[in-house]
Amino acid sequence: MDEGRDSRARWTEADIPSQVGRVAVITGGNTGIGLETARALAERGATVVLACRDMERAGAAVAQIKARAPGATVRAVRLDLGSLASVREAAGELRAAYDRIDLLVNNAGVLSFKREVTADGFELQLGVNHLGHFALTGLLLDRLRGVPGSRIVTVASIAHHQGDMDFDDLQWERAFRGFPAYGRSKLANLLFTYELQRRLAAAGAKTIALAAHPGGSNTSIVRGAPGWMRALSKIAERLQLGQSVPMAALASLRCAVDPGARGGEYYGPPGRFGMTGFPARLESSARSRDEVAQRRLWEESARLTGVTYAL
């Protein structure tokens with residue numbers, strides 16, 4: 001952990017400033033950390049868009065948020081990050097509806113212990129957790145880059161420490177391993193964030209890019225895990241080795257709204273094994289800071305998705 005500026009600050013929802021006038025798009029905003037992030041922003045006046053694959057669940061989430069924040073402006077847009085066609089359709093709908101976006105939270109994620117592929121043939125975890133978000137961000141960038149104070153927040157994980165980037169077998173076509181594949185996708189989230197921030201700064205954009213990790217929390221992402229892992233997640237929370245979903249959402253929220261947060265920073269809980277605590281500025285792994293890997297992943301992502309950035 002970085003013991004410098006504000007690393008031990010007790011940052012809570014009470015520190016969220018007014019979000020009136022801001023437009024926030026949150027992928028996977030219908031459940032877990034995404035829902036808590038959306039709820040907190042809506043309660044403080046933001047116009048919130050939940051970009052979700054399951055529109056029935058998204059509708060229920062919209063109703064839940066409005067019940068907590070009467071008068072809030074909340075809507076849902078269908079987005080399947082496992083389909084580039086869906087990503088393009090959702091981006092088109094968002095571009096038609098909003099001439100500016102203040103906040104994009106790349107929150108949605110999947111965890112799978114068997115090799116599956118997306119509609120475009122990508123390994124599922126890399127395809128959804130990274131490539132889908134890479135494409136969506138690029139397609140929405142012109143709605144963000146000129147907006148003062150705009151931010152792109154990507155939710156990574158402490159699992160990135162278990163990831164590596166094998167560019168000769170990026171899609172795990174040889175010997176698939178579930179959790180290392182998840183770790184690779186989360187490492188990709190950080191490589192993407194750091195390269196994006198470097199390009200935004202070089203272009204003089206008004207947008208900054210940050211990354212967060214939620215620590216340990218029993219969220220819906222463990223649905224794809226074996227039964228023993230789901231049970232372990234519940235036990236860990238009871239033993240306070242993990243934390244509640246509202247607590248887990250604080251790292252994303254701090255990245256999204258803290259006036260003191262800067263481009264290229266990484267926030268998460270600094271407590272036991274990175275699992276608990278109020279969000280602080282942290283240092284990610286040495287692999288995530290590899291600028292050669294950052295550039296190579298960017299180029300490969302652009303090739304695979306067909307999305308290029310105006311940076």
Side-chain angles (χ1 to χ4, degrees), residues 1-4 7-8 32-33 106-113 123-131 133-134 153-172 175-197 209-219 221-222 224-226 228-229 232-233 236-237 241-243 247-252 254-255 264-298 300-301:
M1 184 183 74
D2 183 344
E3 297 292 345
S7 64
R8 296 176 180 172
I33 292 165
N106 292 323
N107 164 82
V110 294
L111 168 64
S112 178
F113 278 70
E123 188 276 317
L124 180 67
Q125 294 169 106
L126 187 73
V128 170
N129 299 350
H130 168 61
L131 291 170
H133 283 127
F134 177 92
V153 177
T154 299
V155 180
S157 167
I158 54 174
H160 85 272
H161 289 279
Q162 279 69 55
D164 67 357
M165 302 308 298
D166 181 355
F167 288 102
D168 293 325
D169 188 24
L170 197 59
Q171 307 292 344
W172 294 93
F176 178 79
R177 293 182 295 149
F179 198 73
Y182 179 71
R184 178 177 296 176
S185 75
K186 296 286 100 180
L187 175 59
N189 289 154
L190 286 163
L191 294 168
F192 164 63
T193 295
Y194 298 145
E195 181 67 15
L196 176 58
Q197 173 58 31
L210 307 93
H213 89 77
S217 182
N218 185 30
T219 65
I221 197 169
V222 299
W228 65 265
M229 180 171 280
L232 187 61
S233 178
E237 186 172 347
L241 299 175
Q243 56 190 2
M247 275 291 292
L250 287 178
S252 297
R254 187 167 189 180
C255 287
E265 292 184 337
Y266 172 58
Y267 285 83
R272 289 169 294 185
F273 310 108
M275 299 287 280
T276 61
F278 294 92
R281 185 166 61 96
L282 306 175
E283 288 296 328
S284 58
S285 69
R287 283 176 177 167
S288 72
R289 295 286 178 178
D290 183 339
E291 293 188 10
V292 173
Q294 291 165 12
R295 288 191 292 271
R296 186 169 180 184
L297 178 65
W298 185 282
E300 186 67 5
S301 300

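Heavy atoms only: backbone and side chains are in, while hydrogens, waters and symmetry mates are out.
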So Trp298 and Phe134, do their side chains get closer than 4.5 Å, heavy atoms only?
yes
Identify the residue among His161, Glu265, His213, His160 that makes a side chain to side chain contact (heavy atoms under 4.5 Å, CB included) with Ser284.
His160
When every non-hydrogen atom of Leu190 is compared with those of Ala156, the smallest separation belongs to CG-CB, 3.9 Å
Any side-chain to backbone donor/acceptor pair from Asn129 onto Asn189? Under 3.5 Å, distance only.
no
Has Arg281 got a side-chain atom pairing as donor or acceptor with Tyr267's backbone, closer than 3.5 angstrom?
no
Pro269 to Leu282 - nearest heavy-atom pair and separation
O-CD1, 4.0 Å
According to the interplanar angle, ranging from 0 to 90°, do the rings of Phe176 and Trp172 count as parallel (below 30°), tilted (30 to 60°) or perpendicular (above 60°)?
perpendicular
With a 4.5 Å limit on heavy-atom distance, are the side chains of Leu297 and Phe167 in contact?
yes
Which heavy atom of Leu187 sits nearest a heavy atom of Arg287, and at what distance?
CD1-C, 4.1 Å
May I ask you to decide if Glu123's main-chain N or O and Gln171's side chain share a donor-acceptor pair within less than 3.5 Å?
yes
Please report the shortest heavy-atom distance between Leu210 and Cys255, naming the atom on each side.
CD1-O, 3.8 Å
Does either side chain, that of Ser288 or that of Tyr266, offer a donor lying less than 3.5 Å from an acceptor on the other one?
no
Hey, does the side chain of Lys186 reach the backbone of Val155 with a donor-acceptor pair shorter than 3.5 angstrom?
yes
Could you tell me whether the side chain of Gln243 and the main chain of Pro214 form a donor-acceptor pair under 3.5 Å?
yes
Closest heavy-atom pair, Ala181 versus Gln125, reported as atoms and distance to 0.1 Å, is CB-NE2, 3.4 Å
Check: Arg184 side chain, Leu170 main-chain N or O, donor-acceptor pair, under 3.5 Å
yes
